[in-house]
Visitor: 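Structure incoming, see below.
Lettering follows sequence order; numbering is per chain, from 1.
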Protein chains: 2
Amino acid sequence: MNSDFSIAVHCVTYLAKKQNQRVTSEDIAQSVSVHPVRLRKILSTLRKENIITSKEGAKGGFSLNDPPEHITLDKIFKITSEETLVPKCPDSNENCPIGKNLSDILIRIFHNAEEHFLNYLKGVTIKDIIDEINNS
Amino acid sequence: MNSDFSIAVHCVTYLAKKQNQRVTSEDIAQSVSVHPVRLRKILSTLRKENIITSKEGAKGGFSLNDPPEHITLDKIFKITSEETLVPKCPDSNENCPIGKNLSDILIRIFHNAEEHFLNYLKGVTIKDIIDEINNS
DNA sequence: ATAAACTGTAATCATTATTATTACATTTAG
DNA sequence: CTAAATGTAATAATAATGATTACAGTTTAT
């Protein structure tokens, strides 16, 4: 798994803290310690999923669409990292009854496990994170 | 995440199918399509956790310790892949209140999410997998 | 209308993680 | 004593991730 998810959460949290302001990728990059181009790629997917809005050009930047208490982590996880929990299986031997079927079976099992995982993340909002930050 | 977990499940399932026989890493490698040395490394960790027994030397090999219905996937996952769900966070800016705290908070959240994930895997045994293979 | 400050994105390079392979020590059966 | 195994370290090859460069397009302000 790459770190797109945690970077995305960082971005959204950052934007939530600066609600009603427009923030540049350069600015966010300062906080996350990640190259602005990479951030823009991640922010771009968040935009396509209507989590944030971007504005090009001078005085442009990014801003949150919804209040932090409405943004749950499962959504961000789905956008950035869906399916990454499902393990890669080596392409096992087609002539072996175990190898032949195991991959499909494991994928199914992991799908279910991932749902339990996401279900927990659904209960955590960006506001929860901000509250935790404020209390620490 | 690497594919150690799915390889380990494959190995254990294979050994379960050949209960009371001793199987070589070469033999398992045929089914999994993975290099025997890599298998032995993974099998070695399973041995240390008492999932399987190995015997060196001629006529040596690997065998299962317990009946398949007693082996749950969460155990195998813990052995091979514990903590791999917790996202890597870039070392973010210490001078930024968000960056400073977010990493710890995310790690905590993911710990909890992983528990839900494992809890589901705890309900799946190697016997379940064998049954699925037999029915397909 | 043009310069400056942005986003959007493709392409390349560097780094890291994963996997395969080689080599060899050790153990055991026959 | 030899052949067939495991155990494991070291190296090499491949794949994934991440940083950087380059540049096109958009918008603001002068």
Visitor: Could you tell me the separation between the CD atom of A:Glu26 and the P atom of C:dG8, rounded to a whole number of Å?
Guide: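 Distance check: A:Glu26 CD to C:dG8 P gives 15 Å.
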Visitor: Using a cut-off of 4.0 Å on non-hydrogen atoms, how would the nucleic acid contact of B:Arg47 be classed: base, sugar-phosphate, or nothing?
Guide: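 If one applies the 4.0 Å heavy-atom cut-off, B:Arg47 turns out to touch the sugar-phosphate alone, with no base involved.
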Visitor: By nearest heavy atom, map A:Ile7 and B:Thr24 onto DNA chain D; which one lands nearer the 5' end?
Guide: B:Thr24
Visitor: Starting from P on C:dT15, measure out to CG on A:Asn2 and report it in whole angstrom.
Guide: 19 Å
Visitor: Taking only side-chain nitrogens and oxygens of A:Ser44, does any of them come within less than 4.0 Å of OP1 or OP2 of C:dT9?
Guide: yes
Visitor: On DNA chain C, does the nearest nucleotide to A:Lys59 precede the nearest nucleotide to A:Arg40 from the 5' side, or the other way round? Give the residue.
Guide: A:Lys59
Visitor: When hydrophobic residues are tied together by side-chain contacts of less than 4.5 Å, even through go-betweens, does B:Leu43 share a cluster with B:Val37?
Guide: no
Visitor: Which nucleotide in the set C:dT21, D:dT20, D:dT6 lies at the smallest distance from any side-chain heavy atom of A:Val37?
Guide: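 Comparing C:dT21, D:dT20, D:dT6 against the side chain of A:Val37, the answer is D:dT20.
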Visitor: When you match B:Gly61 and A:Val34 each to their closest nucleotide on DNA chain D, which lands nearer the 5' end?
Guide: B:Gly61
Visitor: B:Phe77 vs A:Phe110 aromatic rings, parallel, tilted or perpendicular, using cut-offs 30° and 60°?
Guide: tilted
Visitor: Using whole Å, report how far CZ of B:Phe5 lies from P of C:dT18.
Guide: 16 Å
Visitor: Rounded to whole angstrom units, what separation is found between the CZ atom of A:Arg38 and the C1' atom of C:dT9?
Guide: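 A:Arg38 atom CZ is separated from C:dT9 atom C1' by 16 Å.
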Visitor: Let's see if you can work this out: which of C:dT22, C:dT7, D:dT21 has an atom nearest to the side-chain heavy atoms of A:Phe62?
Guide: C:dT7
